[in-house]
There are 2 protein chains.
Amino acid sequence: MSDNHDLILKNLNLKITPKRLAVLNILADELVFVSPEEIWRKMKSRFKNIGLPTVYRILEELCEGGVISKIIHPTRQLYYYYCKNLNHHHHFICMSCRRVEDVNLCAAKEIEKQVAGNLKGKVLSHIIQVNGFCKTCSQKKAPDES
Amino acid sequence: MSDNHDLILKNLNLKITPKRLAVLNILADELVFVSPEEIWRKMKSRFKNIGLPTVYRILEELCEGGVISKIIHPTRQLYYYYCKNLNHHHHFICMSCRRVEDVNLCAAKEIEKQVAGNLKGKVLSHIIQVNGFCKTCSQKKAPDES
DNA sequence: ATTATAAATAGAAATGTTTTCTATTTATAA
DNA sequence: TTATAAATAGAAAACATTTCTATTTATAAT
Ligand SMILES: [Zn+2]
Ligand SMILES: [Zn+2]
Ligand SMILES: [Zn+2]
Ligand SMILES: [Zn+2]
């Protein structure tokens, strides 16, 4: 797996540093979306000196390179998720436990058609995200508790 | 139009105050999405005393009530847009001039099917937004300039 | 009209996340 | 090894947004 991460960094023309690899490893172990601060806390148990700005920078580089994706959260705080599904798809996120599931649909074609057709505009990107409660959380009475 | 805005506030069980009406009027005159700060600047030319927190609060109330919608911006700053289209739809936003256009498609049905079916989850809300350059801006050589 | 009430607001201050900056360290290629 | 650019730490700044308290205002009931 580590080789895989080396390769990911190589492909992004990023130097293979212990901290970048650690961020990738931490993200790869997570089943849920995480904040820079949370990553930082885990990093601090692995490195004596590790700055929060470094974590922010690494996460942004990985996101920029398409390796991880940003989560759009109602609080507008930053969250990231390392999704191994390389096909174009979107996410269902649980507002209670932060689990992320793939939603294998994409309206890109229809969007492109409408925008190019009616609006004569140019599409740069699109955001599709579904917010809700996952199976586990929706089975609880009060999904935010216990 | 003012009556219309009175009614909007009434329906939300909000008192009809000059400042709430002014925010609605300012938003109604805008063709583009705007920030709280920008609204505040316009408010200051109409009111001697007007606090930025008031603008934030009013915008949030209107958004909460479904009267205006939040724009998801890459910078993650807050932007709002007052859309008169009452049908469920989504937005195409121009990253250059901030114009907003309706995109009359919605994947809600397919989303619901997938999430309820495969994931056994519960959908609370969904975000669909298309980012790009509008007709005018995409016709310019460098869309971000001049 | 007056008054009582809860709601709305101003203004200052706090909050808290994210970014910037500079000196130092490190990965990598020659 | 060494030279070089890239990466990083740590402190500080920036900045948008929120919280707080005292004051004002809209509204409904006299
Ligand atoms: Zn859940
Ligand atoms: Zn898509
Ligand atoms: Zn435009
Ligand atoms: Zn929809």
Side-chain angles (χ1 to χ4, degrees), chain A residues 2-3 5-26 33-65 67-68 70-80, chain B residues 2-3 5-26 33-65 67-68 70-80:
Chain A
S2 204
D3 290 341
H5 292 164
D6 283 21
L7 194 58
I8 284 173
L9 296 177
K10 269 239 156 64
N11 289 341
L12 298 179
N13 286 314
L14 296 175
K15 290 186 176 172
I16 295 159
T17 66
K19 283 165 187 177
R20 282 189 178 132
L21 289 172
V23 168
L24 275 169
N25 284 329
I26 288 168
F33 59 83
V34 288
S35 70
E37 173 99 25
E38 286 159 352
I39 303 263
W40 185 45
R41 280 206 289 270
K42 301 203 181 209
M43 292 291 277
K44 282 195 282 192
S45 71
R46 305 190 189 190
F47 299 93
K48 190 159 56 61
N49 298 324
I50 168 70
L52 184 52
T54 299
V55 174
Y56 270 89
R57 194 175 351 87
I58 292 173
L59 289 169
E60 185 50 33
E61 290 160 350
L62 294 174
C63 190
E64 197 62 30
V67 174
I68 62 178
K70 275 198 179 91
I71 297 296
I72 310 272
H73 202 273
T75 63
R76 293 187 348 280
Q77 270 195 234
L78 266 180
Y79 289 98
Y80 293 96
Chain B
S2 205
D3 289 343
H5 292 163
D6 283 20
L7 194 58
I8 285 173
L9 296 177
K10 268 241 157 65
N11 289 340
L12 297 179
N13 285 316
L14 297 174
K15 289 186 178 174
I16 296 161
T17 67
K19 284 166 186 176
R20 282 188 179 135
L21 290 172
V23 167
L24 276 170
N25 284 328
I26 288 168
F33 59 83
V34 288
S35 69
E37 173 99 24
E38 287 158 351
I39 303 263
W40 185 45
R41 280 205 290 272
K42 303 204 180 209
M43 292 290 277
K44 281 195 281 193
S45 70
R46 305 190 189 192
F47 299 93
K48 192 161 53 67
N49 298 323
I50 168 70
L52 185 51
T54 299
V55 174
Y56 270 88
R57 193 173 355 84
I58 291 173
L59 289 168
E60 184 51 32
E61 289 161 347
L62 294 174
C63 190
E64 197 61 31
V67 174
I68 62 178
K70 275 199 180 93
I71 297 297
I72 309 277
H73 201 272
T75 63
R76 292 186 351 279
Q77 271 194 236
L78 270 178
Y79 290 97
Y80 293 96

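Order of the sequence lines sets the chain letters (A, B, ...), proteins ahead of strands, with each chain counted from 1. Values in this document were obtained by computation on a predicted structure and should not be read as measured data.
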Would you give the length of the straight line joining atom CG of B:L78 to atom CD1 of B:I71, rounded to the nearest 0.5 angstrom?
-> 11.0 Å

Per the side-chain contact (heavy atoms from CB on, under 4.5 Å) rule, which among A:L9, A:L7, A:I8 passes with A:H5?
-> A:I8

Taking 5' to 3' order, which nucleotide of DNA chain C is first and which is last to have an atom within less than 4.0 Å of a heavy atom in chain A?
-> C:dT17 to C:dT28

What class does the angle between the rings of A:Y79 and A:H73 fall in, given that below 30° is parallel, 30 to 60° is tilted and above 60° is perpendicular?
-> tilted

Set out, line by line, the N/O atom pairs under 3.5 Å between protein and nucleotides 27-30 of chain D.
unit_1: D:dT27; atom_1: OP1; unit_2: B:I16; atom_2: N; d: 2.8

Using the side-chain hydrogen bond (donor to acceptor under 3.5 Å, both in side chains) rule, collect all pairs that involve residues 9-20 of chain A, keeping only residues at least two apart or in two chains.
-> A:R20-A:E61

Note: A:E60-A:K70 ion pair, threshold 4.0 Å (strictly below) | yes

Side chains of residues 41-53 of chain A: which donor-acceptor partners sit under 3.5 Å, not counting sequence neighbours?
unit_1: A:K42; atom_1: NZ; unit_2: A:E30; atom_2: OE2; d: 3.0
unit_1: A:S45; atom_1: OG; unit_2: A:K42; atom_2: O; d: 2.8

Could you tell me whether the side chain of [Y] reaches within less than 4.5 Å of the side chain of [X], counting heavy atoms only?
| X | Y | answer |
| --- | --- | --- |
| A:L62 | A:Y80 | no |
| A:V67 | A:L24 | yes |
| A:I26 | A:E38 | no |

For B:P36 and B:L59, the nearest pair of non-hydrogen atoms, with its separation, is CA-CD1, 3.7 Å

Closest to the 5' end of DNA chain D, once B:P18 and B:R57 are matched to their nearest nucleotides, is B:R57

Nucleotides 14-19 of chain D: protein proximity per nucleotide (B base, S sugar-phosphate only, - neither; heavy atom, under 4.0 Å) = --SBBB

Dot-bracket notation for DNA chain C, counting Watson-Crick and G-U pairs under 3.5 Å, with | for partners on another strand | ||||||||||||||||||||||||||||||

